[in-house]
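In what follows, a structure is listed as structure tokens, so that the remarks can point back to it.
Since the structure is predicted, the reported quantities are computational estimates derived from the model, not experimental observations. Position 1 is the first residue of the sequence, and the numbers go up from there. FYI, side chains are in, hydrogens and waters are out, and symmetry mates aren't considered; it's all heavy atoms of this structure.
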Amino acid sequence: MLKEIQIVLCFFFAFVFAILYEITLQSGCVLSCMPISKQFLTQEDIMSQSRSIIFVETTDRLEPPPLVSCSVESATRIYHDRPVVFFMKGLNNSTWLDSNSTYTAFSLLSTMKNVFIFPFQMETLFQETPLLPWYHKVNATQEKYWVHISSDASRLALIWKYGGTYMDTDVISIRPIPVTNFLAAQASQFSSNGIFGFPHHHWFIWDCMKDFVQNYNGHIWGNQGPLLMTRRLQALCNLTNFHNVEDQSCQNISFLHPQRFYPIPYPAWRQYYKVWKRSPDFNNSYALHLWNFMNKEHKTVVAGSNTLVENLYKTYCPTTYKALIQGTEGSGHMQQNKTE
């Protein structure tokens, strides 16, 4: 009799588990009411709602540096009800980095309920897109900017297949982006590709992938990135200069004012690593792009320096700050100049 009761209970709990699983996926509350461990959810389960915040690492690096960790953590805090997905080329399907990992950044990120880290292979990712023939043809070893070019291609394929919002790993989120179909203006009439959002299978992203292949030139930095986005947008819209802090719209695509993500333009990127007498409020911004590509001097965040970037870490990625900045206090070097 006891054995029969145990069998009945097993079937009952399996049935309840299956029902809760289906309700979780169908209701779109994969995170806020998820009754099961995230290890049991597949990549397709997580990204099926086109609501993911997507980051991509196209090198084989396995330990994210503090700025990458801060970018991911800030997104998890601002978008706590959405999946934050980090794709890493260096991982493989048999690798699982969790809270017991020897990689410090992975240990802290893995404790956040809405962070999901997946491996990816470019050839698989580019299947059924215009990028696959190009990928088979290109010689990566001969490409000067391959890390950037492969990242430009990967982000397009990911947004095409899954939808959501792509962000560079040097973007610190500070408040939610209120629109879904958008490009970010780096300057008037010039689009970046460091952050953008579209639903899956959106025609604009398909056109971008076709342009990527048709106008491919690996010798020009950004030709497959911000220059591509700008080309496609200019082909659709009569772009004008921004007035005040007002966004533009064309073909149901929002073109967001440079203040939204680039309040400090790239020639002034060092301002993030200086001490300000009065810190900016960034009231017109949704996130801050720190222009890490420009940081050839390898400036870092130093605990106790009171620089703008240190204060951003304290506010928007406090776990990263405590573990990776305060925890390694005394390492790194950074000039501390004052500015208005």
State, yes or no, whether a side-chain contact exists between Asp81 and Arg51 at a heavy-atom distance under 4.5 Å. yes
May I ask you to decide if Thr240's main-chain N or O and Gln248's side chain share a donor-acceptor pair within less than 3.5 Å? yes
Would you indicate whether the side-chain heavy atoms of Ile117 and Met88 approach each other to under 4.5 Å? yes
Give the intermediate values and the outcome of side chain to side chain contact (heavy atoms under 4.5 Å, CB included) for residues Leu236 and Phe204. CA-CA 10 Å; Leu236 295 172; Phe204 181 81; 3.7 Å; yes
Exactly one of Tyr145, Trp221, Trp269, Tyr266 clears ring pair (Phe, Tyr, Trp, His ring centres under 6.0 Å) with Phe293, and that residue is Trp221
Side chain Asp281, main chain Asn283, donor-acceptor under 3.5 Å: yes
Does the ring centre of Tyr262 sit less than 6.0 Å away from the ring centre of His289? yes
Any chance NE2 of His219 has more than 12 other-residue heavy atoms, nucleotides or ligands included, within less than 6.0 Å? no
Find out if a path of hydrophobic residues (ILVMFWY) with successive side-chain heavy-atom gaps under 4.5 Å connects Trp206 to Ile159. yes
Under 6.0 Å from the CG atom of Asn139, do we count more than 12 heavy atoms belonging to anything else shown? yes
Within the 6.0 Å centroid threshold, strictly below: Trp160 and His202: no
Which of parallel (below 30°), tilted (30 to 60°) and perpendicular (above 60°) describes Phe196 and Tyr166? tilted
Looking only at side-chain N and O atoms, does Arg77 offer a donor or acceptor that is under 3.5 Å from a partner on Thr315? no
Verify side chain to side chain contact (heavy atoms under 4.5 Å, CB included) between Leu132 and Gln127, making sure each step is shown before the conclusion. CA-CA 6 Å; Leu132 187 61; Gln127 294 288 338; 3.6 Å; yes
Would you indicate whether the side-chain heavy atoms of Ile174 and Ser74 approach each other to under 4.5 Å? no
Are Leu227 and Ile253 in one and the same hydrophobic cluster, where Ile, Leu, Val, Met, Phe, Trp and Tyr link if side-chain heavy atoms are under 4.5 Å apart? no
Passes side chain to side chain contact (heavy atoms under 4.5 Å, CB included), Phe261 versus Ser192? Steps please. CA-CA 10 Å; Phe261 306 105; Ser192 79; over 6 Å; no
For the pair Ile53 and Met167, evaluate side chain to side chain contact (heavy atoms under 4.5 Å, CB included) and give the outcome as yes or no after the intermediate values. CA-CA 7 Å; Ile53 309 297; Met167 293 185 183; 3.9 Å; yes
Do the side chains of Leu156 and Phe118 join up, straight or via other hydrophobic residues, at under 4.5 Å, putting them in one cluster? yes
Is the shortest heavy-atom distance from the side chain of Leu67 to the side chain of Tyr313 under 4.5 Å? yes
Answer yes if Val147 and Ile149 sit in the same cluster of Ile, Leu, Val, Met, Phe, Trp and Tyr residues linked by side chain heavy atoms under 4.5 Å apart, and no otherwise. no
Shortest non-hydrogen pair, Trp291 vs Ile264, comes out as NE1-O, 2.8 Å
Are there more than 12 heavy atoms of other residues, nucleotides or ligands under 6.0 Å from atom CD of Glu44? yes
Over 60° means perpendicular and under 30° means parallel, so classify the ring planes of Phe126 and Tyr135, tilted if in between. perpendicular
Cut-off 3.5 Å, side chains only: do Asn215 and Asn223 have a donor facing an acceptor? no
Quick one: does Thr141's side chain get under 4.5 Å of Trp146's, heavy atoms only? no
Hydrophobic clustering (ILVMFWY, side-chain heavy atoms < 4.5 Å, transitive) - are Phe182 and Phe190 grouped together? no
Just so I know, are the side chains of Glu123 and His136 near enough to count as touching, which here means a heavy-atom distance under 4.5 Å? yes
Backbone N or O of Tyr162 within a donor-acceptor pair of the Ser50 side chain at under 3.5 Å? yes
Answer yes or no: is there a side-chain heavy-atom contact under 4.5 Å between Phe55 and Val84? yes
Does the side chain of Pro258 come within less than 4.5 Å of Phe242's, by heavy atoms? yes
